[in-house]
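Convention: sequence-line order gives letters A, B, ...; per-chain numbering from 1. Everything quoted here is computed from the prediction, not taken from an experiment.
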There are 2 protein chains.
Amino acid sequence: MDVDTRLLRSFAAVCEEGQLTAAAARLFVSQPTLTKQIRQLETLLGGELFERSRRGMAPTPAGRALAERAGPMLAGWDDALRATRAAAAEQVATLRVGFEGGIINLMSRRTVADFTRRMPGWQVELRQNNWFDPTSGLATGEIDLTLWHAPPYLAAQYNVAVLGEEPRVAALSSGHRLAAQAELSFEDLLDEPFVAIPHEAGHWRDYWLAARERGGRPVRIGAVAHNTDEWLAAVVCGQGIGFAPETMSRLAPREDVAYRPVRGLSPSQVGLYWPKDRELTPAMAAFVRSCRATVGYGATAWETGPGDGPGLA
Amino acid sequence: MDVDTRLLRSFAAVCEEGQLTAAAARLFVSQPTLTKQIRQLETLLGGELFERSRRGMAPTPAGRALAERAGPMLAGWDDALRATRAAAAEQVATLRVGFEGGIINLMSRRTVADFTRRMPGWQVELRQNNWFDPTSGLATGEIDLTLWHAPPYLAAQYNVAVLGEEPRVAALSSGHRLAAQAELSFEDLLDEPFVAIPHEAGHWRDYWLAARERGGRPVRIGAVAHNTDEWLAAVVCGQGIGFAPETMSRLAPREDVAYRPVRGLSPSQVGLYWPKDRELTPAMAAFVRSCRATVGYGATAWETGPGDGPGLA
DNA sequence: CGGTTCCATAACCTTGGGGCATGGATGTCG
DNA sequence: CGACATCCATGCCCCAAGGTTATGGAACCG
């Protein structure tokens, strides 16, 4: 008797949401599809998993029995996925590195060249993360390392080799009334509409809206952007303002966008991240060293942070 | 990224067999199907899981990484299946009992009536096991209890409420030359062809061939039977002889079949079995008591064994 | 050098799972 | 009190996934 883990994920989502409609939205499937999936599980297991009502779906004892076990099973599979993919990449001497947003432009030919010198025969595969998947494929084992601007509180969930810190700045349409000021204060921006990244990004979205710094005050969302270009366009059109790492002002300078420092906005931590339960392989360590040696070459504000991360003595 | 557990089972089978052809036979699918399944896994995981050669399939490092984790995952799912099905049956106040072979005839209306008296509102669902599935659905949680003639060495793998012991007798065509003897000796039967049950039954098959008692001496297989009727027919036609529990001589008496006691053949243990990791529910306990009170009513040789099993004080 | 043993490929067919549109039951609010 | 909103179920259609049989190709074995 076999199942697709997709059914278990659907089941878990319905358990958490307490209703089909919401779970279907979260899973990006239609509601009838979820109805069928749950029924399928129920047929397989020989009993009702949920009690249906107009309020939604409440798990039965059988449903609870499954719910207890579905989580560990899914975690087990994700782990297997990660480990096997890592081994497969190792097999073909490939390091898979993800980059967040435009930060990839900071990498130079020198970085890869340096890495190749340290690990002869190896190659680097670069993947730009999209804004939908804040884990950047780390969770599913699609990549080994990711170069991130992460908030320190998120960094605790990963192993990290810190490369430095970078201020977050505000981006405004150059015609914006506040663009005249050379420096802004965070309080002045509280009532501004913001260009947000998608909900799916979770903590990541909150971080770039500086939700924590707002002290519970709700954010006005002027637009939602799915990549850097959309984001810039929305800013230019005055749909809202946004926060970005300082490097963006150099990597994507535009006349119609004003980048301004913000008093009271914490900086972001720049570093290479990898999963907590993943050991640092020689190739990963070599890449960290290559980044230290070459990234930010020139005029960036980065400094080597105090925490070197495990295995990097 | 999702998988069907079927893919993992296929993968595990190929790992164990070391080649597609044999694994396909074991899984009852065609070899091209397995080829596709393994390829599918490899695509999903982004690398080769096996090294192909004319000798078969040898797992790569990635394959070994997955192999380590596939076992626990499958075990986890089987456990979830068992637990959820059990809870679902409990939900609708149903006890699912499996029976091996003709033993079901020993149950009487009294057994069920007694159970219903102990557990008002509950019902019993009886399923006759087939000879292909020696676990009788215990492993997959399709039933709660099974009434078995098990060899003592297999009994150690289950929780068991012993009901008694029963001699194994030999069944021969009445025209067989040995049928003239009132009692046979095991040694006389060593060179006889036997009517076996299917290979899929595993230990179970060996047990009814008395493989252990033969001291390594190979068995001649005269025919393979898939159920009691086939088995009896094969015996009658002289394709071979066979061993059976003594009750069979009373439940399936035929003029053309001679049942004879065998010196040197160990008896089988009769009892209700349930999985090691399954607690005894009130309904299960009640059924055990009902069997003790009613099964073998009349003239069976059964006695209550010394071991009562856990939870039956 | 034919035969055997394994795995891969091709062509075909059936099933199943997903989407859309709609229905039914039940609270809720004006 | 009736129209509406909410949430799950059903029916229909369609495409893709996965299974089977038949066949090919590479390597070992007498």
Out of D/dT21, C/dC7, C/dG19, which has the shortest distance to the side chain of B/S30?
D/dT21
Tell me whether the OP1 or OP2 atom of C/dC6 has a side-chain N or O from B/Q19 closer than 4.0 Å.
yes
Ignoring backbone atoms, test whether B/R52 places a side-chain nitrogen or oxygen under 4.0 Å from the OP1 or OP2 oxygen of C/dA8.
yes
Calculate the interatomic distance between B/L7 atom CG and D/dG19 atom C1'; express it in whole Å.
13 Å
Round to the nearest Å and state the distance from A/L34 atom CG to C/dC20 atom P.
14 Å
Residue A/Q37, side-chain heavy atoms: nucleotide from C/dG18, D/dG11, D/dG18 that is nearest
C/dG18
Run B/D4 and A/V3 through side-chain contact (heavy atoms from CB on, under 4.5 Å) and show every step you take.
CA-CA 5 Å; B/D4 196 310; A/V3 242; 5.7 Å; no
Out of D/dA9, C/dT9, D/dC8, which has the shortest distance to the side chain of A/T21?
D/dC8
CD of B/E42 versus C1' of C/dC7: gap in Å, rounded?
12 Å
Spacing between A/Q31 atom CD and C/dT22 atom C1', to the nearest angstrom
11 Å
Tell me which nucleotide among D/dT20, C/dA8, D/dA9 gets nearest to the side chain of B/K36.
D/dT20
Side-chain N or O of A/R39 closer than 4.0 Å to phosphate OP1/OP2 of D/dC8:
no
Do the side-chain N or O atoms of A/Q40 get closer than 4.0 angstrom to the phosphate oxygens (OP1, OP2) of C/dG17?
yes
Which residue lies toward the 5' end of DNA chain C, A/P32 or A/R55, if each is placed at its nearest nucleotide?
A/P32
Summary of side chain to side chain donor-acceptor pair (under 3.5 Å) pairs that have at least one residue in residues 59-72 of chain B, sequence neighbours excluded
A/D79-B/R69, A/Q91-B/T60
Whole angstrom value for the distance that separates P of D/dG18 from CG of B/L44:
11 Å
Give a yes or no on whether a salt bridge exists between B/R85 and B/E142, defined as a side-chain N under 4.0 angstrom from a carboxylate O.
yes
Length of the line joining A/M57:CE and D/dT6:C1', which is rounded to integer Å
15 Å
Contacts of B/Y207 that satisfy ring-ring contact (aromatic ring centres under 6.0 Å, His included) - sequence neighbours left out:
none
Atom-pair distance (CG on A/L27; C1' on C/dG19), nearest Å
15 Å
From D/dT20, D/dC8, C/dA8, nucleotide with atom closest to B/V29 side chain
D/dT20
Reckon B/T33 has a side-chain N or O less than 4.0 Å from the OP1 or OP2 of D/dG18?
no
From C-beta outward on B/R6, which listed nucleotide comes closest to its side chain: C/dC7, D/dC12, D/dG19?
D/dG19
Whole Å only: how far is the CZ atom of A/F28 from the P atom of C/dG18?
16 Å
Would you indicate whether A/E125, at its atom CD, is surrounded by more than 12 heavy atoms from other residues, nucleotides or ligands within a distance under 6.0 Å?
yes
